[in-house]
Protein chains: 2
Amino acid sequence: MNLEDIAEKAGVSRSTVSRVINNERYVSEKVRQRVLQVIAEENFRPNPAARTLVTRRSGIIGTAIPQTTNVFFGDNSYYPMLLQGVAEAVNQRDYALLLYLAEEQEERENFAERVVRQRHADGLILSSVIEGDPLFTYLLKHDRRFVIVETPPHHEERVSYVTVDNVAAAEMAVNHLIAIGRRRIAKITGQINIMDAVERLEGYQNALRAHGLPVDPNLIVYGRFHRDAGYEGMKQLLPHQPDAVFAGGDTIALGVLDALTEAGLCVPEDVALVGFDDLDVAERAQLTTINHSVQYVGSRAATLLMDLIEGRLEHPQHIVLPTRLVIRRSTVGS
Amino acid sequence: MNLEDIAEKAGVSRSTVSRVINNERYVSEKVRQRVLQVIAEENFRPNPAARTLVTRRSGIIGTAIPQTTNVFFGDNSYYPMLLQGVAEAVNQRDYALLLYLAEEQEERENFAERVVRQRHADGLILSSVIEGDPLFTYLLKHDRRFVIVETPPHHEERVSYVTVDNVAAAEMAVNHLIAIGRRRIAKITGQINIMDAVERLEGYQNALRAHGLPVDPNLIVYGRFHRDAGYEGMKQLLPHQPDAVFAGGDTIALGVLDALTEAGLCVPEDVALVGFDDLDVAERAQLTTINHSVQYVGSRAATLLMDLIEGRLEHPQHIVLPTRLVIRRSTVGS
DNA sequence: GCGATCTCTGAGAGCGTTCCCAGACTTGTG
DNA sequence: CACAAGTCTGGGAACGCTCTCAGAGATCGC
């Protein structure tokens, strides 16, 4: 069943059917109705491949998640939330969402190759880009449309991105800890090759310096965005007796909580704790954190990408979304 | 850049280039190498739309998740795990994965319409199908390829599915509770229009009857696969003083834990607790539960779907995967 | 009242592949 | 050595759309 068949049944030409389907002007109301009726009767849907072939547009947005299994699910609802946001925006404009998920232990090279080989998508949303990321490098070099959902490596300004002001947010978090009287404030970072982690560390250091506090290397642990890393990191910090911890992400903070509980320390009396992201779990754990709606980042990124694809906006675009400090019991008690 | 261009540069015909790309026989080694080299130089990738148009195969698998936001992320890692499994299988055979995510509060009708309208995918994986599901009904009627990742409504045998033996697993769980001496075993179900929930309830009842225990309607609460439902359900059950609860899913069990903690009751001394699914959180919460690798269900479903698409298997196929009781502290103490 | 403009419709070309067929050349067989 | 079978290559048609163009008819302005 194709346009020609519908045309015949409706007694018009293929061109007219195409016009009706694409909702173009210059079709008389009578003809439009007749065609619509035949389409409904035959339950006809135009072949997207044929359409794509000529328009050079598939209406598909790809989202690449280069992280392995244990990061994608588990406690970490970051990616699901991001995806939900992307899906929302994409649905609204009747695009489709293609998901590229890395295998456990898959090399970035291999992942990049896989994503690039299939040319289904009109554009890509990239997450967790690291320094020297092959996918990032390739896309940049070959001038394909894409949007990064964090600050790109080296603040590369030639690419479009949607991010939050991590530096300012981290400053806000640490200022809060200082305001409640903490002085030995420790930091556990996410993967330090991801810009989010770098910027949050930067903000932490800024805030300390601004208050004339020392930046003690013993109080900084380089970790990963993972609960286990928080747990291990905290164990490492304990001998140095911090009175507060600023975790690079909520999942890290959860691990910190595990370690503190195990050590018999009270939050916030002995150690105050601040996370980052305000994931679903943060509220449940009564965690003070930085809120920045991951979902909204996803939907803004998708909207931006579609605008770039459709030529409504010029490349590149930079969007920095606001953050908010959410104060809960992990810093102010009950 | 298309086949013709590559052909010209390599001094051969379009057909030959096509043969090389599709790895067909009857191409001399010399020519094959030359063509491959030109392809590499030009960084050429064949246009998937053109290919799809003629082969009538896109190499795209769709996965439909009709649940709203709060179920997709949050504590519930069910869908991310399922997706990871699907992605794994799909990657292996160089298919792509299209994700259909319902909007918050989106009607099933509307969701079905959206999924069906875009004809990108060669086949679909359906989750959380309910009785009278419009998407399910449509696909069945129009003979589209799809696989359900649970038992279909009414045990509809004309469709392909991958599921676990929920009934047997539930029996196993309840038998365990009986074996440790519990007699007032309560049940909180998931949405009762989802077959998983129905079957787990059925197994619960079977086990009680098999041991001559009464099925007390006061001990059965009809809920949803959600932590809040577990919390509310347990509060409802408390006056009836159960000595054990069999939750329809791990997320429900977490809510039950919340309510028990709040009521000052001990697990498992006062109330023993069994979940279902063995999600990531189950181990952390030391929850006795039924393990059945959601991820594996996902990858089996995807593999099955691809086999159906490629005509390697006849439609319909029914796969029932084994389950395992994982005993943790929520039933046997420490 | 008549050219200009707007509305409506259809035909043809083209998008970039795969598939089928024909033909040339090579190898095998009796 | 003739003929069959196998190997390799190229050209044309087809997949189902959109887009451009041309032309017919209706409407408008002066």
Side-chain angles (χ1 to χ4, degrees), chain A residues 1-39 42-60 94-96 117-122 309-311, chain B residues 1-39 42-60 94-96 117-122 309-311:
Chain A
M1 184 63 52
N2 59 25
L3 280 195
E4 207 87 43
D5 299 328
I6 299 294
E8 194 182 342
K9 280 203 168 39
V12 295
S13 75
R14 175 172 36 88
S15 303
T16 300
V17 178
S18 175
R19 285 189 193 97
V20 171
I21 287 175
N22 293 294
N23 214 12
E24 282 171 28
R25 342 166 27 199
Y26 298 148
V27 180
S28 70
E29 201 44 36
K30 213 174 62 187
V31 169
R32 166 164 271 132
Q33 288 308 327
R34 193 163 69 239
V35 171
L36 283 176
Q37 195 191 330
V38 175
I39 288 175
E42 300 293 326
N43 197 34
F44 172 77
R45 331 264 171 186
N47 182 319
R51 181 178 264 176
T52 301
L53 184 55
V54 33
T55 60
R56 307 167 161 281
R57 203 147 285 174
S58 64
I60 297 178
D94 206 29
Y95 274 63
R117 189 175 41 217
Q118 301 180 341
R119 293 180 4 188
H120 296 296
D122 293 335
I309 289 168
E310 292 169 13
Chain B
M1 185 63 53
N2 59 26
L3 281 194
E4 208 88 45
D5 299 327
I6 299 294
E8 194 182 343
K9 280 204 168 37
V12 295
S13 76
R14 174 174 35 88
S15 302
T16 299
V17 178
S18 176
R19 285 190 194 97
V20 171
I21 287 176
N22 293 294
N23 214 13
E24 283 171 29
R25 343 169 22 199
Y26 298 148
V27 181
S28 71
E29 199 46 35
K30 213 173 62 186
V31 170
R32 165 165 272 130
Q33 289 309 325
R34 194 164 68 241
V35 171
L36 283 176
Q37 194 190 331
V38 175
I39 288 175
E42 301 292 326
N43 197 34
F44 172 76
R45 330 263 171 186
N47 182 320
R51 182 176 264 176
T52 300
L53 184 55
V54 32
T55 60
R56 306 167 163 282
R57 204 148 285 173
S58 64
I60 298 178
D94 207 30
Y95 274 63
R117 189 175 41 216
Q118 300 181 340
R119 293 180 3 189
H120 295 296
D122 293 335
I309 289 168
E310 292 171 12

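Proteins come first, then strands; the chains are lettered A, B, ... in the order of their sequence lines, and each starts at number 1. As the structure is a prediction and not an experimental result, all values here were calculated from the model.
Remark: E24(B) CD is packed, more than 12 non-hydrogen atoms of other residues, nucleotides or ligands lying under 6.0 Å away. Crowding of E42(B) atom CD: a count of heavy atoms from other residues, nucleotides or ligands under 6.0 Å exceeding 12.
The side chain of Y26(A) places an N or O atom within less than 4.0 Å of a non-bridging phosphate oxygen (OP1 or OP2) of dT7(C). Here S28(B) reaches the OP1 or OP2 of dT9(D): one of its side-chain N or O atoms lies under 4.0 Å away. T16(B) has no side-chain polar atom (N or O) that falls below the 4.0 Å cut-off from OP1 or OP2 of dT9(D). Applying the 4.0 Å criterion to OP1 and OP2 of dT18(C), one finds that S18(B) has a side-chain N or O inside that range. For dG16(D), the OP1/OP2 oxygens have a side-chain nitrogen or oxygen of N2(A) closer than 4.0 Å. Put simply, R25(B) has no side-chain N or O that comes within less than 4.0 Å of OP1 or OP2 on dG6(D).
Of all the heavy atoms in R32(A) and V20(A), the pair that sits closest is CA-CG2, 4.1 Å.
If you check every strand for non-hydrogen atoms under 4.0 Å, R56(B) touches sugar and phosphate atoms only. Counting any heavy atom pair closer than 4.0 Å across all strands shown, S15(A) reaches a base atom.
Between the CD1 atom of I39(B) and the P atom of dT17(C) there is a distance of 10 Å, given to the nearest Å. dG16(C) atom P lies 17 Å from atom CG of N22(B), rounded to whole Å. Residue R32(B) contributes atom CZ, which lies 9 Å from atom P of dC8(D) at whole-angstrom precision. Taking atom CZ on R19(A) and atom P on dT18(D), their separation rounds to 11 Å, with Å as the unit. Distance L53(A) CG to dG16(D) C1': 9 Å, rounded to the nearest Å. Atom pair E24(A):CD and dT18(D):P shows a separation of 8 Å (rounding to whole Å applied). Taking atom CE on M1(A) and atom C1' on dC17(D), their separation rounds to 15 Å, with Å as the unit. Between the CG atom of L3(B) and the P atom of dG12(D) there is a distance of 16 Å, rounded to whole Å.
Counted by atom type alone, Q33(B) and Q37(B) present zero donor-acceptor pairs between their side chains at under 3.5 Å.
Side-chain to base pairing of R14(A) with dT18(D): one donor and one acceptor N or O lie within less than 3.5 Å of each other.
Inter-residue side-chain proximity for Q118(B) and D94(A) is flagged as met; some heavy-atom pair is nearer than 4.5 Å.
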